[in-house]
Number of protein chains: 2
Amino acid sequence: MHDARGRTGKAADILVAARREFLKSGFGAVSMDAIAREAGVSKATVYAHFDGKEELFGAVISEMSERYFGGFSASELDPVDAAGSLTTLARQFLELLLSPDAIALNRIIIAEVTRFPALGEVFWQAGPERTRAQIATFLRRAAAAGSLDIADAQGAADQFATLTRGEIHQRHLFGRETNTGPAALNAAARTAVDTFLRAFGTRGK
Amino acid sequence: MHDARGRTGKAADILVAARREFLKSGFGAVSMDAIAREAGVSKATVYAHFDGKEELFGAVISEMSERYFGGFSASELDPVDAAGSLTTLARQFLELLLSPDAIALNRIIIAEVTRFPALGEVFWQAGPERTRAQIATFLRRAAAAGSLDIADAQGAADQFATLTRGEIHQRHLFGRETNTGPAALNAAARTAVDTFLRAFGTRGK
DNA sequence: GTCTATACAGTGATAGAC
DNA sequence: GTCTATCACTGTATAGAC
C-alpha cells in the first residue's frame with residue numbers, strides 16, 4: 001500500500017499529478033502520458049515508482065479517502081444547546097461533503113467501485129462510517145443532557161447524516177448545482193436541523 | 001434524439017446491446033466492437049444507425065431515464081391513512097431506487113455528467129424531479145385531509161425522498177450492500193416513515 | 001532513477017464490395 | 001443496409017542508454 005507520507009521528490013510529484021488528473025477526469029479517461037507530463041517526468045519514471053495505472057489509482061484514492069475526513073469532529077460541541085450544535089455540525093458536514101474535491105472523489109469511487117471493490121471499503125470506513133460515529137457520539141451526549149429524545153443513537157446518526165446530505169448532495173452529484181456558498185450551506189443546514197428537531201427534539205412540542 | 005420506440009430489427013438490437021454494455025461497464029470501458037458483437041452485427045452496421053459512441057450513449061441514457069421512472073405514482077394512495085400510504089410509497093420508491101438497473105444508471109450518470117452535462121438534466125427531470133412532484137401531490141392531499149402537518153409540500157417531499165433514500169442508497173452506490181430483498185426494503189421504509197411522522201405527523205404527539 | 005524511443009494491443013471510425 | 005478489411009490513432013508498458 002502506498003500513501004503520500006514518506007514519499008519525496010518525483011514520487012510525490014507523480015502522486016500529486018495523478019490525484020489531480022484522476023479527480024478531474026475519472027479513471028478511464030486519464031492516460032499515463034498525461035500524468036507523466038503533469039508531473040514533469042517521463043512515463044518510464046512513473047512506471048519505476050508504481051506498478052501500473054491501477055496501482056497508482058488505488059494509491060491516490062486510498063490516500064485521499066483517509067486524509068479527507070480526518071478533520072471532521074463533533075467533540076467540541078455543547079450537548080445542552082442541541083439546536084445550535086446540530087446546526088454547526090450540519091454546516092461542517094455539508095462544507096466537507098460539497099467541496100469540489102469531495103464531490104469528485106464521490107463521483108470516481110461510485111463509478112469505479114464495481115471494478116475496484118476494495119476502494120469502496122476504504123472510502124466507506126474513512127468517510128461515512130467515521131462521520132456517523134462522530135455524530136452518534138454527540139447525539140448520545142445530547143440525549144444524556146436531556147436536549148434530545150433519542151433511543152438508538154446509531155440509527156439517529158444515520159438519519160441526521162441523511163437529512164443533512166439531503167437533496168443538495170444529489171444536486172451536486174448530478175451536476176444540477178455547483179453553489180457551495182455560505183448562504184446555500186446555511187439554508188440546507190437549517191432545513192435539516194429543523195426537521196431533525198421536529199422528530200427528535202425535546203423542546204417546543 | 002433517439003429512443004427505443006419506433007426502432008425495429010437491428011437498430012433495436014444495437015440499442016439493447018448498448019444499454020446492457022454501458023450499464024455493466026460505464027462509458028469508457030465499453031468498445032464499439034463489444035456492442036457490435038453483443039448485438040450480433042458488424043461494427044459498420046452500428047455506425048450506419050448511430051453517429052458514434054457518444055450519440056449512442058446519449059440515446060441509451062435518455063431512453064432509460066425517461067422509461068424507468070414512468071411507473072412511479074402516488075395517485076392511488078389514501079390521504080387519510082398517512083402512515084400506511086407513506087409506507088407503501090416509501091417501499092415503492094426504494095424498490096425503484098435500489099434495483100440493479102437503477103443503481104447502474106445512477107453510477108454511470110454520476111460518473112459521466114461532467115463530460116455529458118445534458119444527461120444530468122434529462123435524468124434529473126425524469127427521475128428526482130418527477131418523483132418529487134408525485135410525493136408532493138400526495139402530501140398536499142394528506143395535509144388537506146388533516147393526517148399530516150405540512151406547510152411546504154415541496155420541501156417536505158424532498159425531506160421524505162431524502163429520508164427514504166437514506167443510508168441504504170449510499171450503501172448500494174458504494175458497493176457495500178446488494179441486498180434488495182423485501183425484508184431490507186420494509187425495514188428501511190419503516191425507519192424513514194417513522195422519522196417522517198415524528199416530524200410531520202398529527203397523531204400521537 | 002531517469003530519460004528517449006519503441007513495441008504491441010486495442011480503440012473509434014471508414015472504404016468498398018455486395 | 002450490411003458485411004469484411006483496414007485505417008489512423010492512442011493507450012499501457014518496456015528496452016536500452018546514461
Side-chain angles (χ1 to χ4, degrees), chain A residues 1-62 108 111-112 114-116 118-119, chain B residues 1-62 108 111-112 114-116 118-119:
Chain A
M1 283 293 144
H2 294 92
D3 63 356
R5 295 179 298 278
R7 292 190 179 274
T8 55
K10 310 224 161 169
D13 293 347
I14 292 167
L15 213 49
V16 169
R19 175 166 65 220
R20 184 157 36 206
E21 290 293 307
F22 283 136
L23 285 184
K24 189 172 65 187
S25 312
F27 178 76
V30 171
S31 71
M32 293 296 260
D33 271 302
I35 293 172
R37 197 183 323 123
E38 177 94 10
V41 301
S42 80
K43 206 164 31 169
T45 301
V46 175
Y47 281 94
H49 288 276
F50 298 92
D51 283 350
K53 188 180 176 183
E54 299 194 357
E55 209 235 28
L56 181 53
F57 181 66
V60 165
I61 300 302
S62 307
I108 196 170
E112 302 297 342
T114 306
R115 226 187 319 185
F116 305 102
L119 298 185
Chain B
M1 284 294 140
H2 294 91
D3 63 355
R5 295 179 298 278
R7 293 191 179 275
T8 55
K10 309 223 163 169
D13 294 346
I14 292 166
L15 212 51
V16 168
R19 174 167 65 219
R20 184 156 37 205
E21 290 293 306
F22 283 136
L23 285 184
K24 189 171 66 187
S25 312
F27 179 77
V30 171
S31 71
M32 293 296 260
D33 271 302
I35 293 172
R37 197 181 323 122
E38 177 93 10
V41 301
S42 79
K43 203 162 41 163
T45 302
V46 175
Y47 280 94
H49 287 275
F50 298 93
D51 283 350
K53 188 180 176 183
E54 299 196 356
E55 207 235 30
L56 181 53
F57 181 65
V60 165
I61 301 301
S62 306
I108 196 170
E112 303 296 344
T114 306
R115 227 187 318 184
F116 306 102
L119 298 185

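All chains are named by letter (A, B, ...) in the order of the sequence lines, taking the proteins before the strands, and each is independently numbered beginning at 1.
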Side chain of [X] (C-beta onward), nearest among [options]:
X	options	value
A:H49	D:dT12, C:dC3, C:dT2	C:dT2
B:T45	D:dT2, C:dA13, C:dG1	D:dT2
A:V41	C:dT2, C:dC3, C:dG12	C:dC3
A:A48	C:dT2, C:dG12, D:dT12	C:dT2

Using 30° and 60° as the class limits, which term best fits the ring planes of A:F116 and A:F57: parallel, tilted or perpendicular?
-> tilted

Is there a donor-acceptor pair under 3.5 Å between the side chain of B:T45 and the backbone N or O of B:V41?
->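 Answer holds: no.
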
In this structure, how many angstroms lie between the [atom2] atom of [N] and the [atom1] atom of [X], rounded?
X	N	atom1	atom2	value
B:M32	C:dT14	CE	C1'	12 Å
A:E21	D:dG11	CD	P	11 Å
B:F50	C:dT14	CZ	P	16 Å
B:R37	C:dG10	CZ	C1'	12 Å

Is any side-chain nitrogen or oxygen of A:K43 closer than 4.0 Å to OP1 or OP2 of C:dG1?
-> no

Looking only at side-chain N and O atoms, does A:Y47 come under 4.0 Å of OP1 or OP2 in D:dA13?
-> yes

Beyond-backbone contact of B:F22 with B:K53, side-chain heavy atoms, under 4.5 angstrom |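 They are in side-chain contact.
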
Determine the minimum heavy-atom distance between A:L119 and A:G58, stating which atoms define it.
-> CD2-CA, 4.1 Å

Could you check A:A44 against A:F27 and say which one's nearest nucleotide on DNA chain D is further toward the 5' end?
-> A:F27

